[in-house]
There are 2 protein chains.
Amino acid sequence: MDKDEMTTHQKIRYVQDTLFVISGKWKLPILIAISQGSSRFREIQRNVPFITTKVLSKELKDLEINKLVSRTVSEDSSVRIEYKVSPYCKSLAPLVDEMIIWAVNHRRKISEE
Amino acid sequence: MDKDEMTTHQKIRYVQDTLFVISGKWKLPILIAISQGSSRFREIQRNVPFITTKVLSKELKDLEINKLVSRTVSEDSSVRIEYKVSPYCKSLAPLVDEMIIWAVNHRRKISEE
DNA sequence: ATTATTGATATCCTTAAGGTTACTGGCATC
DNA sequence: GATGCCAGTAACCTTAAGGATATCAATAAT
């Protein structure tokens with residue numbers, strides 16, 4: 001269905017669906033960090049400022065459940081745990097880009113008054 | 001600044017800014033309802049399913065503070081209170097569109113497994 | 001030997017978001 | 001005269017999100 005044919009109620013339902021999946025302070029930041037190359041737990045933590053281990057651990061599990069992130073254990077000489085974004089996760093890219101663009105603009109708007 | 005030149009940390013900061021402004025279950029749904037023509041309090045409430053008066057009242061105040069919505073009192077024979085989205089609010093349109101597109105796709109993805 | 005790093009888990013706590021129910025005063029309608 | 005619509009407000013409550021701190025066993029570096 002095209003969005004131009006949707007009723008107000010339908011649009012609202014869809015937007016609430018998306019908000020539900022990406023809701024919270026940390027999910028998108030974590031996805032950004034992983035997709036930019038962080039794969040180890042501590043590495044992700046270093047690249048997502050101020051997140052605590054408890055929250056990171058919980059959010060990674062959520063993202064795994066939602067199939068946006070994969071967790072693999074590789075065993076060569078010692079154990080290595082690696083997180084990767086799934087191919088499906090990349091479908092969020094246009095949305096994330098729009099959010100960045102909007103925030104840049106918003107900051108300009110706020111500062112000019 | 002273009003987003004391709006940004007560091008991971010900068011991208012995360014911007015995305016968190018946007019998340020902060022549109023966070024919560026109701027702000028975007030309310031904006032959608034108003035921009036599709038609802039202008040009276042009860043009318044907005046009817047068009048945003050399940051929202052309570054208390055929450056709607058509070059969210060409208062927030063949106064007014066953030067200059068996304070205007071509240072005007074007109075007095076012809078009786079009092080009329082009208083809410084409108086600001087011109088600036090329209091800058092959120094591409095973001096909202098992306099959210100709708102993503103949710104439509106996500107629903108298909110989820111249902112096909 | 002000891003200190004640091006990794007990938008977490010456990011416990012406790014605070015805050016904010018949101019929901020529930022009830023109510024109000026002014027106007028209009030039946 | 002009662003009922004209903006409008007634009008809210010008030011008081012209270014529940015739940016979830018997130019933060020603070022401590023700890024752990026397994027490796028790695030010094």
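Computation of the quantities below employed the complete heavy-atom set of this structure, encompassing side-chain atoms and omitting hydrogens, waters and symmetry-equivalent molecules. Quick caveat: nothing in here was measured; it's all calculated off a predicted structure. Every chain is numbered from 1 and lettered A, B, ... according to where its sequence line falls, protein lines coming before strand lines.
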Chemist: Please give me the minimum heavy-atom distance between B:Ile81 and B:Arg40, naming the atom from each residue.
Modeler: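 Shortest heavy-atom separation between B:Ile81 and B:Arg40 comes out as O-NE, 3.2 Å.
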Chemist: Do the non-hydrogen side-chain atoms of B:Val104 and A:Tyr14 ever get within less than 4.5 Å of each other?
Modeler: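 In contact.
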Chemist: Can you name the nearest heavy-atom pair linking A:Thr8 to B:Asn47, along with the distance?
Modeler: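 Scanning both residues, the minimum pair turns out to be CG2-O, 4.3 Å.
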Chemist: By a strict heavy-atom criterion of less than 4.0 Å, which residues belonging to residues 24-38 of chain A are in contact with DNA chain D?
Modeler: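 Heavy-atom contacts with DNA chain D come from A:Gly24, A:Lys25, A:Trp26.
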Chemist: Measuring only between side-chain heavy atoms, which start at C-beta, is A:Arg107 closer than 4.5 Å to B:Asp17?
Modeler: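 When only atoms from C-beta onward are counted, B:Asp17 and A:Arg107 do touch, with a gap below 4.5 Å.
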Chemist: To the nearest angstrom, how far is B:Ile81 atom CD1 from D:dC5 atom C1'?
Modeler: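 Whole-Å distance recorded here is 13 Å.
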Chemist: Does A:Ser78 put a side-chain nitrogen or oxygen below 4.0 Å from OP1 or OP2 of D:dA26?
Modeler: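 Indeed not, no polar side-chain atom of A:Ser78 lies that close.
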Chemist: For the pair A:Glu43 (side chain) and A:Ser39 (backbone), establish whether a donor and an acceptor sit closer than 3.5 Å, ignoring hydrogens and angles.
Modeler: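 Yes, because the side chain of A:Glu43 sits within donor-acceptor range (under 3.5 Å) of the backbone of A:Ser39.
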Chemist: Nearest-Å distance, CD (B:Glu43) to P (D:dC6)?
Modeler: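 The answer, rounded to whole Å, is 9 Å.
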Chemist: Considering just the side-chain nitrogens and oxygens of B:Arg46, establish if one lies under 4.0 Å of OP1 or OP2 belonging to D:dC5.
Modeler: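 No, because none of the side-chain N or O atoms of B:Arg46 sits under 4.0 Å from OP1 or OP2 of D:dC5.
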Chemist: So, does the side chain of B:Ser57 form a donor-acceptor pair with the base of D:dT9 at under 3.5 Å?
Modeler: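 Under the 3.5 Å cut-off, the side chain and the base do not form any donor-acceptor pair.
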Chemist: Which whole-number value in Å describes the distance from A:Leu56 CG to D:dG19 C1'?
Modeler: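 The answer, rounded to whole Å, is 14 Å.
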Chemist: Could you tell me whether A:Tyr88 atom OH has more than 12 heavy atoms of other residues or ligands within 6.0 Å of it?
Modeler: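 Atom OH in A:Tyr88 is packed in, count exceeds 12.
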Chemist: Under 4.0 Å from any heavy atom of chain A: name the first and the last nucleotide of DNA chain C that qualifies, 5' to 3'.
Modeler: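 Boundary nucleotides touching chain A, in 5' to 3' order, are C:dT6 to C:dC12.
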